[in-house]
Structure formats: C-alpha cells, structure tokens
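To start, the structure under review is shown below, and the notes come after it.
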Number of protein chains: 2
Amino acid sequence: MFQTMSVGIRHDDLRRRNRAMVISAVRRAGQPSRTEIAATTGLSHSTISAISADLIQEGILTESKATEPTALKRGRPQIGLALNPEAAAVLTVVLSLNFLSVAVIDYAGQVVAEEQQRLDTLVMPRDELIGACVAIVRRRLQDPDLDLGSVARIAMGIQGITDTHARAMLWSPITPLTDIPFADILETEFGIPATMENDCNMMAVALQWRDPERYRDDFIAILLSHGIGMGLVLKGTLFTGTHSSGGEFGHMIHRPGGALCRCGRRGCVEAYAGNYAIWRSAMNMSEDAEPVDVGDADMRALAARAREKDGPEREAYRRAGEALGFGLGSLFALIDPAPVAMVGVSAAAFDLIEPALREAIAQTAGGQHSTSISFDTEPNELPLIREGCAMRALTFVDQEIFAPGVQARAISGKHVA
Amino acid sequence: MFQTMSVGIRHDDLRRRNRAMVISAVRRAGQPSRTEIAATTGLSHSTISAISADLIQEGILTESKATEPTALKRGRPQIGLALNPEAAAVLTVVLSLNFLSVAVIDYAGQVVAEEQQRLDTLVMPRDELIGACVAIVRRRLQDPDLDLGSVARIAMGIQGITDTHARAMLWSPITPLTDIPFADILETEFGIPATMENDCNMMAVALQWRDPERYRDDFIAILLSHGIGMGLVLKGTLFTGTHSSGGEFGHMIHRPGGALCRCGRRGCVEAYAGNYAIWRSAMNMSEDAEPVDVGDADMRALAARAREKDGPEREAYRRAGEALGFGLGSLFALIDPAPVAMVGVSAAAFDLIEPALREAIAQTAGGQHSTSISFDTEPNELPLIREGCAMRALTFVDQEIFAPGVQARAISGKHVA
DNA sequence: GGCTTTTTTTCGAGCCTCGAAAAAATAGTG
DNA sequence: CACTATTTTTTCGAGGCTCGAAAAAAAGCC
C-alpha cells in the first residue's frame with residue numbers, strides 16, 4: 001500500500017540505502033566477504049566493491065583476512081569484512097526495580113565498560129532518580145580508560161510504558177513518578193542522541209539477534225515478572241502501538257470484573273499471572289488484596305513448593321497459566337500463532353504454568369494448532385534488555401552513519417581513487 | 001529495522017518506484033497538476049515532467065484541462081492529470097450469504113457494469129458454488145457492451161478466513177465448504193491475475209479511500225452482522241495476520257468457558273455480539289443454544305422492540321455492547337485506541353449497544369481515554385466491500401503497470417521525443 | 001613455473017534525477 | 001493591442017549511481 005506517504009526516491013537516497021544495506025549485512029553476517037554481501041543484497045559486485053571501499057576508507061569497516069586460517073579452497077581467498085570496533089560506541093542504560101546499570105559497547109557490539117548500582121526506585125523523588133541516571137552515565141562517559149571512538153548514541157530501557165517517539169517514560173511500575181522525558185534529559189545533558197525504549201521491546205530485539213533462526217519474522221517475547229509485559233515482532237518489525245509503545249498484553253481482560261490488578265482495574269491477565277498475583281493466590285489471599293512486591297528468591301521458593309506437592313501453590317501457577325493461555329489465545333486470534341519466548345523469574349517456573357496454559361489456549365480460536373506453538377524460556381531478563389538496547393542503538397548508528405557518510409566522504413577526500 | 005530482508009535497490013527500481021508514486025498521487029488527488037505532484041512526492045519538476053510524459057504516452061494518464069473552468073489565477077494554467085479510464089479495467093466478485101455480486105470497474109474507478117444473483121450458499125455443493133462464481137464472471141467478461149480495456153485484475157471478497165497469500169478461502173460462515181482456492185480458480189479459468197480478500201479487510205480499505213481524513217493511519221472497521229469481523233489498519237497499512245488474513249476479533253475470548261459460539265468454542269466475543277447471539281439472548285434462549293441464522297429484517301425488528309421498552313431485547317444489546325467493549329478494550333491494550341467504524345446491520349442498532357460498550361471499555365487498560373474514542377456507523381456492508389475490492393484491484397494494477405511499464409515503453413517506442 | 005579457479009577491482013555505458021534556464025500560456029495594464 | 005508579470009511546464013546539460021564485462025589479483029594444483 002502506497003496509501004500513506006508518497007515520498008519519492010531521490011537519486012542520492014540510492015547510495016545511502018545501499019550503504020546501509022551493506023553495513024547491515026556485515027553486522028548480521030559477522031565477517032562476510034564482498035561476494036557474500038553481493039549475494040545477500042542482490043547488488044552487483046562492482047557496487048559492493050565501491051561501497052565497501054568507501055566504508056573502509058571512512059573507518060566504518062575493516063578488512064580482516066582471518067576468515068579461515070586454513071584456506072583450503074582454490075582461487076583468490078575471500079577477504080572478510082568486519083565492523084570497525086573503533087568506528088563508534090554506544091551506551092546503554094537499563095533502569096529496573098531498585099537497579100540501574102550502564103554499559104558502553106563498541107561498534108562491533110562488544111561490551112567495553114559497565115557499571116551497576118542499587119537504588120531505591122520506588123521511593124526516590126523525581127530529581128534524585130534523574131540525577132542518579134545522569135550521574136552514572138557521566139561517570140562512564142568521562143572514564144579516562146575509555147579510549148574508544150566517541151559515544152554516538154544512548155539507548156535507555158525501562159519497564160513500563162514509553163511514548164511512541166521513544167522520548168519519555170510515561171508510566172512505570174518501578175516508580176510512582178510519571179512522564180519523565182529521559183531521552184531528552186540525556187540528550188541535552190550530554191549532547192548525544194538518545195532514545196527511551198520499553199524493556200519488553202528490547203527483549204524482543206535481543207532475541208532477534210541472539211537466535212535469528214527461531215526469532216525472525218513473527219514472534220512474541222513475554223516478560224513474566226512482577227508485571228506481565230510483551231514485546232511483539234510482526235513481519236520482522238517491532239510492533240509498537242500507535243500512541244504509546246509496546247502492547248500491554250498484561251492488561252488484556254481475562255475475566256471481566258475479576259481479580260484486582262496492580263493497574264487498579266479488574267480482571268487483567270496480570271492480575272492472575274503477575275508475581276504478586278501468583279503469590280496472592282498461593283497464600284490464599286483475596287483476589288481483591290492489594291498487590292505486593294515479591295522478591296525473586298521468594299518466587300523461586302514458591303515454585304519449589306509447588307513442584308513438591310499439590311496445593312494452593314500449584315493451583316496458583318495453574319491459574320496463571322490459564323490466564324496467560326486465554327490471553328495468548330485472544331492475541332493469536334488477532335495475529336495468528338507465533339513462537340513465544342517466556343522471560344523473567346516466573347519463566348523458570350514455566351513447567352508449572354505450561355499445562356494449564358496449553359489447555360486454555362486450546363479452547364481459543366488462536367489455539368487451533370496449539371500443540372505446534374512452541375515456548376522457550378529465559379529466566380534472566382536483564383541481559384536481554386541490555387543486549388536489545390545495545391543492538392537498537394547500534395542499528396541506529398548504522399543508519400545514521402551512512403547519511404552523514406556522504407558528507408564524511410566529501411570531508412575526507414578521495415586520495416585513494 | 002533492516003533486519004529481515006536486505007534487498008539492495010537497483011538503479012532501475014528507482015524509476016519504477018517513482019512511476020508508482022506518480023500514479024498513486026494521481027489516484028489519490030483526483031486531478032493534480034504536475035506541480036502539485038512534485039510537491040506531494042518531493043521529486044523535482046523535471047522528473048515529474050518526464051515520468052508523466054511517459055505515462056501519458058503509454059495511455060495510463062490523460063491530460064484534462066478542465067481543472068477549474070474559471071481560472072482566475074495569473075500565469076500558465078495548470079494542466080490536470082487524470083487516470084485514463086480506458087487504461088485498464090478490474091473486476092470485483094463479492095460472495096456473501098446467499099448472494100453473489102460482480103462489478104466491472106474502469107481504471108478511473110467508475111463502475112461500468114454489474115450483475116447480482118441470489119443463491120443458496122449454505123447448501124450448495126462445492127462444484128456448484130465454484131461454478132456459479134465462474135459463470136457470473138464469464139458473463140461479465142464476455143459482455144459485448146463492455147468495450148473497455150481488457151480486465152487486468154480480479155479481486156474477490158468473502159466473509160471468512162482467507163490465507164495470507166490472498167489465494168484461498170479457508171473457512172467461511174456462508175458455506176460449510178472449506179479451502180476453496182478461488183484466486184487460483186479464477187486465474188486459471190480466465191488468465192487474469194486474481195486475489196482472494198477478506199471482507200472486513202476490504203471494508204477497511206474502502207473506508208481509507210472514502211474518508212481519508214478520518215481513516216488514515218490507524219483505525220478499525222468492525223462488522224456487526226451474523227458474525228463479528230474486523231479489518232485493522234495500522235500505520236496506514238492493512239494488518240493481516242501472519243498465517244491467515246484478518247484479525248479474528250470476534251473470536252477473542254470475552255468470558256472463558258462462556259456462551260457457545262458458532263465456531264464451536266465458548267466465550268468468544270461473537271457468542272455475545274453476533275446477530276445470533278443477540279437474538280438468542282433476546283429470546284431468553286440458553287447460552288448453549290445452537291446458533292441460528294437471523295434475517296436482517298428480523299434484526300431490525302428486534303432493535304425496534306428494544307428501543308420501545310426495556311426488556312430482554314434491550315438487555316441482549318447491552319450484553320453485546322459489553323462483550324464488544326471488553327474486546328475492544330483488550331485490543332486497545334495491544335494497539336492503543338483508534339477510530340472505529342461499525343458496519344453491518346447491527347451497526348444500525350449501535351445506539352442500543354454504545355452505552356454498555358463505553359462502560360465496559362472504560363474498565364479496561366485501553367479505555368483510559370474512552371470518551372475520546374469515536375465510533376462511526378454504516379449499516380450497509382456490501383457496497384463497502386465492493387469498493388474495497390475495487391480499490392485493492394486498482395492499486396494492484398497501479399503497481400503492476402509500472403514494472404511492465406519499462407517494457408511497454410520499449411515496445412511503443414518514443415516518437416514523441 | 002604454468003594453469004586453473006575464485007575473488008576483487010577497474011572501466012565505460014546507460015539511466016536517472018536535479019537545477020537552471022528556456023518556453024509556454026495566461027491575466028493584468030495602459 | 002502590445003507589453004509585462006506570473007505561473008506552469010519543458011528542455012538540457014551535469015553529476016551520480018549501478019551494471020556488465022573485462023582485467024587484475026591471489027591463491028591452489030600439477
């Protein structure tokens with residue numbers, strides 16, 4: 001559909017796009033030769049040759065002959081192209097419950113520095129929370145050991161709702177504060193372009209890079225933690241809502257007028273499957289009981305008890321599975337079934353959740369082929385979020401470097417040609 | 001995200017795309033001048049001039065000076081460009097419950113011929129149903145009065161589930177038959193490219209053309225008829241599932257284990273809001289009662305009774321509204337609120353549905369700004385579906401004409417230049 | 001060392017878009 | 001009615017980009 005915007009393609013866009021294509025091919029493939037890139041992009045060898053010569057000359061790519069130490073093949077050996085780690089660096093900031101972590105990553109994707117810090121996010125006043133974030137970033141940026149290319153981009157990830165333009169945190173479970181424009185704050189503070197990303201979206205991005213076989217075109221990442229979040233990739237593209245970012249899967253309605261959710265409403269999926277909900281149910285508390293924070297250790301202990309013997313604990317996980325199953329069923333009714341990754345502390349208890357989940361999903365329209373739907377689990381969400389932020393920032397740089405690339409080439413001159 | 005596919009842009013793609021851009025600009029704007037097109041596409045005047053000269057020479061566009069009869073402006077008057085009605089024609093086939101209709105539409109979008117037919121879709125055997133469709137299309141194609149350019153494309157619309165590739169009807173409420181590859185059948189029968197489209201998707205496409213102000217980037221078309229269907233446009237693009245086409249909004253779960261749905265499952269939104277569900281409820285029948293077909297006239301009478309006095313009829317509409325509200329709420333939790341168009345016979349009873357719908361939606365995460373969500377109604381779905389099919393077919397032609405356009409130009413030669 | 005094979009670079013041809021200038025077509029003006 | 005101002009459209013040369021073919025480079029094989 002060419003319905004929406006009809007922006008013509010200029011002649012110079014061509015080079016810009018094809019440069020981006022080459023960079024992205026290198027980032028994905030590791031150390032592809034020029035011939036390989038020509039094959040994957042469909043461009044001619046001459047074009048790849050010209051573009052990669054430019055990119056090498058500009059310091060974005062490097063030639064690394066060590067593709068295969070023992071080149072058994074005949075013919076001129078392939079020269080692997082790699083991202084030049086020093087071409088740029090990016091910085092990730094992940095703010096989660098009582099925890100703040102920052103990492104500096106080089107252009108090739110390697111972590112070159114990191115710092116972590118505990119803080120009391122639930123009670124910190126606005127300026128202190130912002131101050132803590134700014135301070136930790138400043139420490140990393142001013143580190144004299146850090147001798148890489150300047151940091152070209154900051155990606156900050158947070159649990160909660162962010163706006164579509166990736167500028168602000170609108171709401172988060174980790175703090176009572178709302179509407180903090182973190183991206184703008186970091187950008188004006190450090191003069192580095194920044195974005196504010198949703199944690200579950202970043203999980204999805206990370207999965208796409210970690211296992212492109214399984215997580216390619218369509219898949220779902222679900223965070224099973226205190227709250228229930230979702231990152232959704234459709235047709236290879238991260239799906240974000242039209243206004244805010246991130247589908248609020250956890251707040252789809254499971255039972256109208258049902259259990260009390262942390263969001264204040266009733267009957268949300270989260271009100272049955274969030275950590276606090278499982279805890280509440282396992283402790284035989286009322287469905288109206290105010291949600292309480294439950295530590296990861298407590299949740300692991302709860303899961304252990306549920307595995308030990310049948311009882312309220314096991315029943316609580318069963319009910320969580322049911323809620324997730326019906327929620328997924330409704331989701332699958334809309335988007336058709338896709339692979340699912342369960343992430344977070346309760347993903348470690350997925351064995352307790354899965355039977356009821358599958359049973360529920362089988363009762364829904366989306367669950368027609370429920371047995372073929374596959375689930376994967378990853379108990380630790382933080383590394384995923386950070387990876388996702390890093391890749392998000394790096395691909396942003398990839399796409400920003402080629403546009404100024406035209407200017408950069410003009411500046412550097414062509415003493416090679 | 002350049003993640004998925006990295007197909008480089010060839011040099012000739014450029015022209016192809018820009019040609020498509022010009023055609024689409026003309027189709028949308030009506031009779032734009034070259035200057036207007038240059039402005040909307042962002043391409044230079046020279047380029048637009050060159051491309052439109054080609055398109056006129058190929059008979060795709062025509063110059064129509066009658067932009068404004070009284071040109072009060074100074075300067076050389078603008079020459080309006082219009083689609084040449086004779087450049088091509090498309091054919092639409094809409095198959096609905098007991099009804100089959102076909103229309104021939106010229107390249108400018110005007111209906112030039114049509115034919116309709118009653119048939120008994122619910123009991124027809126497979127070959128008869130297919131035969132009826134083929135026969136009616138053949139009659140239209142062989143009509144001697146039809147003196148237009150040859151039919152370049154067929155778009156067939158049907159209620160039900162179609163596959164992603166728009167080739168086959170997988171399942172439909174209008175017939176017990178399944179998996180009929182209508183697109184392939186028509187294509188091999190007539191040698192004309194054909195597609196199989198979902199009715200609600202076509203409704204959405206039609207709305208996008210009818211009222212581009214209101215229905216542009218994000219909106220939802222919901223069919224309130226025997227069944228409940230949905231067409232969803234996100235970021236200007238029709239959203240189709242990853243496997244089948246069309247979000248099965250009607251089969252999102254409203255109440256786990258609840259009322260019996262036509263699909264055989266329980267608790268779907270449709271089991272509360274479909275015509276049969278409203279009827280069942282109004283007649284005080286059990287929620288387990290087998291769904292029955294209810295005629296449009298009966299539904300209108302039912303609505304009239306509900307308006308007259310409070311009673312089971314009114315309560316039935318209230319419950320329908322509730323189901324739709326919670327369903328929309330869950331949907332809005334995923335995609336954020338967007339304008340909604342209610343289409344179909346029960347849309348005429350939206351006054352009875354709306355209060356409960358708004359009440360329900362206000363209890364959901366997506367309904368945060370529920371008062372700002374606006375609903376529009378359109379009781380007659382068939383014209384919308386046909387319009388959608390027509391536009392779908394025409395835009396396909398738009399995008400196919402430019403690719404052969406390169407060859408066509410070579411054939412026709414350039415006696416103008 | 002010469003031959004084969006494979007990868008990479010070079011080079012000219014062919015298009016495409018763009019900007020500037022020219023041409024075209026009209027309204028106003030004395 | 002001639003002339004000017006104004007706006008649209010076309011023309012034309014310049015600059016870029018990609019492509020295919022051929023050449024060059026860099027190995028292994030005998």
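A note on names: the letters A, B, ... follow the listed sequences, proteins ahead of strands, and every chain is numbered from 1.
Proximity note for B:S46 (side chain, C-beta onward) versus C:dC18, D:dT10, C:dT7: the nearest is C:dC18. In this structure, of C:dT8, D:dT10, D:dC19, it is D:dT10 that holds the atom nearest to the side chain of B:R34. Of the candidate nucleotides C:dT6, D:dT9, C:dA25, C:dA25 has the atom lying nearest to any side-chain atom of B:P77.
Here the C1' atom of nucleotide C:dG19 and the CZ atom of A:R10 are 12 Å apart, to the nearest Å. For the pair A:I37 CD1 and C:dT9 P, the computed distance is 11 Å after rounding to whole Å. Rounding to whole angstrom units, CD1 of residue A:I79 and C1' of D:dA24 are separated by 13 Å. Distance, B:D12 CG to D:dC17 C1': 11 Å, rounded to whole Å. Atom P of nucleotide C:dT9 and atom CD of A:Q57 are separated by 14 Å, given to the nearest angstrom. C:dC18 atom C1' lies 13 Å from atom CG of A:D13, rounded to whole Å. Spacing between atom NE2 of A:H45 and atom C1' of D:dA24 amounts to 16 Å, rounded to whole angstrom units. Residue B:L43 contributes atom CG, which lies 11 Å from atom P of C:dG19 at whole-angstrom precision.
Between B:T92 and B:M202, every side-chain heavy-atom pair lies at or beyond the 4.5 Å cut-off. Between B:T240 and A:K235, some side-chain heavy-atom pair lies under the 4.5 Å cut-off.
Separating the CG atom in A:L232 from the CD1 atom in A:I335 is a distance of 5.0 Å, to the nearest 0.5 Å.
Side-chain atoms of B:D106 come within 3.5 Å of backbone N or O of B:Q110 as a donor-acceptor pair.
Between A:I51 and B:S52, it is B:S52 whose nearest contact on DNA chain D lies nearer the 5' terminus. Of the two residues near DNA chain C, B:L14 and A:S49, the one whose nearest nucleotide lies more 5' is A:S49. Checking B:G75 against B:H11, the closest nucleotide of DNA chain C that is more toward the 5' end is the one next to B:H11.
Regarding contacts with the backbone of D:dT18, a side-chain N or O of A:R15 is found under 4.0 angstrom from either OP1 or OP2. A sub-4.0 Å separation between OP1 or OP2 of D:dC19 and a side-chain N or O of A:T47 is present. OP1 or OP2 of D:dC17 has not a single side-chain nitrogen or oxygen of A:N18 nearer than 4.0 Å.
In this structure, B:T35 reaches the sugar-phosphate backbone alone: every heavy-atom distance under 4.0 Å involves primed, P, OP1 or OP2 atoms, never a base.
Among residues at least two apart or in separate chains, ring-ring contact (aromatic ring centres under 6.0 Å, His included) pairs with a member in residues 7-46 of chain B are A:H11-B:H11.
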